[in-house]
Amino acid sequence: MSKVAIVMGSTSDLPVMQEAVDILKGFDIEVMVDIVSAHRTPEKLFEFGKNAHSQGFTVIIAGAGGAAHLPGMLASLSPLPVIGVPIKSRNSIDGWDSVLSILQMPAGVPVATVALDGAKNAGILAAQIIGSQDSCVLDKIVLYKEGLKDKVIKGAEEVRKN
């Protein structure tokens with residue numbers, strides 16, 4: 001069974017990152033959530049980043065605001081795919097600092113980056129990565145996408161009635 005690690009720089013990031021937790025649990029994917037600060041707990045970051053693959057994780061989702069070094073540092077340490085979630089924090093410059101810090105990675109250290117506060121999409125992307133090798137998860141993603149389509153079709157019908 002696949003596991004996804006969801007880490008963030010501080011507890012203030014949890015309201016955003018909870019969307020990744022919720023969507024992954026909805027796909028019946030095991031999730032571990034923790035606080036790993038690139039700046040305040042670098043030893044913990046190094047330990048986690050170097051060992052996540054040997055602890056059974058398949059994907060790492062890392063949310064960070066401000067300077068947002070967490071996703072990139074984890075990607076530099078881990079052989080696992082890392083999905084970065086830029087978070088608009090209270091000390092952020094409209095979130096652009098977080099977006100660019102996660103997006104602009106050097107060659108050889110990729111971080112898949114979702115939209116500002118886009119933790120739900122990070123969870124879906126992690127599930128899709130897992131689904132590429134796990135047919136049960138893939139089937140759940142197919143159903144989820146069908147549900148999105150059905151929602152749009154029903155919304156269009158409602159708009160046309162008015």
Side-chain angles (χ1 to χ4, degrees), residues 1-134 137-138 140-141 144 148:
M1 181 171 191
S2 296
K3 289 193 306 185
V4 174
I6 298 177
V7 295
M8 62 208 80
S10 69
T11 55
S12 63
D13 300 332
L14 186 57
V16 170
M17 298 305 290
Q18 187 64 44
E19 290 188 9
V21 174
D22 295 343
I23 195 78
L24 286 164
K25 286 184 176 181
F27 290 132
D28 296 320
I29 296 171
E30 187 178 344
V31 176
M32 181 282 302
V33 180
D34 201 0
I35 304 297
V36 180
S37 173
H39 302 108
R40 294 176 292 257
T41 60
E43 296 86 1
K44 183 176 181 178
L45 177 144
F46 273 77
E47 178 72 21
F48 173 73
K50 287 182 178 181
N51 298 307
H53 67 285
S54 63
Q55 295 175 356
F57 294 107
T58 307
V59 179
I60 299 170
I61 298 174
H69 290 108
L70 180 61
M73 287 302 297
L74 288 172
S76 76
L77 295 165
S78 179
L80 297 176
V82 175
I83 303 168
V85 179
I87 296 175
K88 184 178 179 185
S89 58
R90 63 178 167 72
N91 64 340
S92 181
I93 306 167
D94 290 333
W96 278 108
D97 47 348
S98 304
V99 170
L100 294 174
S101 293
I102 297 172
L103 183 68
Q104 297 291 1
M105 294 301 300
V109 188
V111 174
T113 309
V114 296
L116 186 65
D117 293 341
K120 185 174 186 176
N121 273 352
I124 294 166
L125 181 55
Q128 289 174 316
I129 291 169
I130 292 166
S132 71
Q133 300 296 313
D134 182 328
V137 172
L138 183 63
K140 291 173 185 170
I141 293 166
Y144 176 79
L148 293 176

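We count residues from 1, following the sequence as given.
Counting heavy atoms of neighbouring residues, nucleotides and ligands inside a 6.0 Å radius, atom CZ of F46 does not exceed 12 of them.
Note that CE of M8 is 8.0 Å distant from CD of Q18, once rounded to the nearest 0.5 Å. Atom CG in L74 sits 10.0 Å away from atom CG in L80 (nearest 0.5 Å). Annotation: the span from H69 atom NE2 to S76 atom OG amounts to 11.0 Å, rounded to 0.5 Å.
Proximity of a side-chain donor or acceptor of D13 to a complementary backbone N or O of G9 within less than 3.5 Å is detected. Remark: side-chain polar atoms of N51 are not paired, donor with acceptor, to backbone N or O of S54 under 3.5 angstrom. For the pair T41 (side chain) and V36 (backbone), a donor-acceptor distance under 3.5 Å is absent. Between the side chain of S78 and the backbone N or O of A75 there is no donor-acceptor pair closer than 3.5 Å. Remark: side-chain polar atoms of S98 are not paired, donor with acceptor, to backbone N or O of K88 under 3.5 angstrom.
Counting only heavy atoms from C-beta outward, the side chains of V114 and I83 approach each other to under 4.5 Å. Considering only heavy atoms from C-beta on, L24 comes within 4.5 Å of I6 through its side chain. Contact of the V4 side chain with the M32 side chain is not registered, since no non-hydrogen atoms from C-beta on lie closer than 4.5 Å. With a 4.5 Å cut-off on side-chain heavy atoms, L70 and L45 count as touching. Contact check for L116 versus I87: no side-chain heavy atoms found under the 4.5 Å cut-off. Side-chain contact between Y144 and I23 is present, with at least one heavy-atom pair separated by less than 4.5 Å.
The minimum heavy-atom distance between V137 and A127, with the atom names listed, is CG1-O, 3.4 Å. Across all their heavy atoms, V33 and V31 have their closest contact at CG2-CG1, 3.8 Å. Across all their heavy atoms, P81 and T58 have their closest contact at CD-O, 3.4 Å. In this structure, F48 and A5 approach most closely via the heavy-atom pair CZ-CB, 3.5 Å. Pairing each heavy atom of I130 with each of S2, the nearest pair is CG2-OG, 3.4 Å. Among all heavy-atom pairs drawn from M17 and A62, the shortest one is CE-C, 4.3 Å.
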**Asked** Could you go step by step and tell me if D34 and K44 meet the side-chain contact (heavy atoms from CB on, under 4.5 Å) rule?
**Response** CA-CA 11 Å; D34 201 0; K44 183 176 181 178; 3.2 Å; yes
**Request:** Applying side-chain contact (heavy atoms from CB on, under 4.5 Å), run through I60 and V7 and close with a yes or a no.
**Result:** CA-CA 8 Å; I60 299 170; V7 295; 4.3 Å; yes
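Taking the charged nitrogens against the carboxylate oxygens, D22 and K120 have no contact shorter than 4.0 Å, which rules out a salt bridge.
With sequence neighbours left out, the salt bridge (Lys or Arg N to Asp or Glu O under 4.0 Å) criterion links D28 to K140.
Residue pairs meeting the side-chain hydrogen bond (donor to acceptor under 3.5 Å, both in side chains) criterion with at least one member in residues 3-12, sequence neighbours excluded, are S10-S12.
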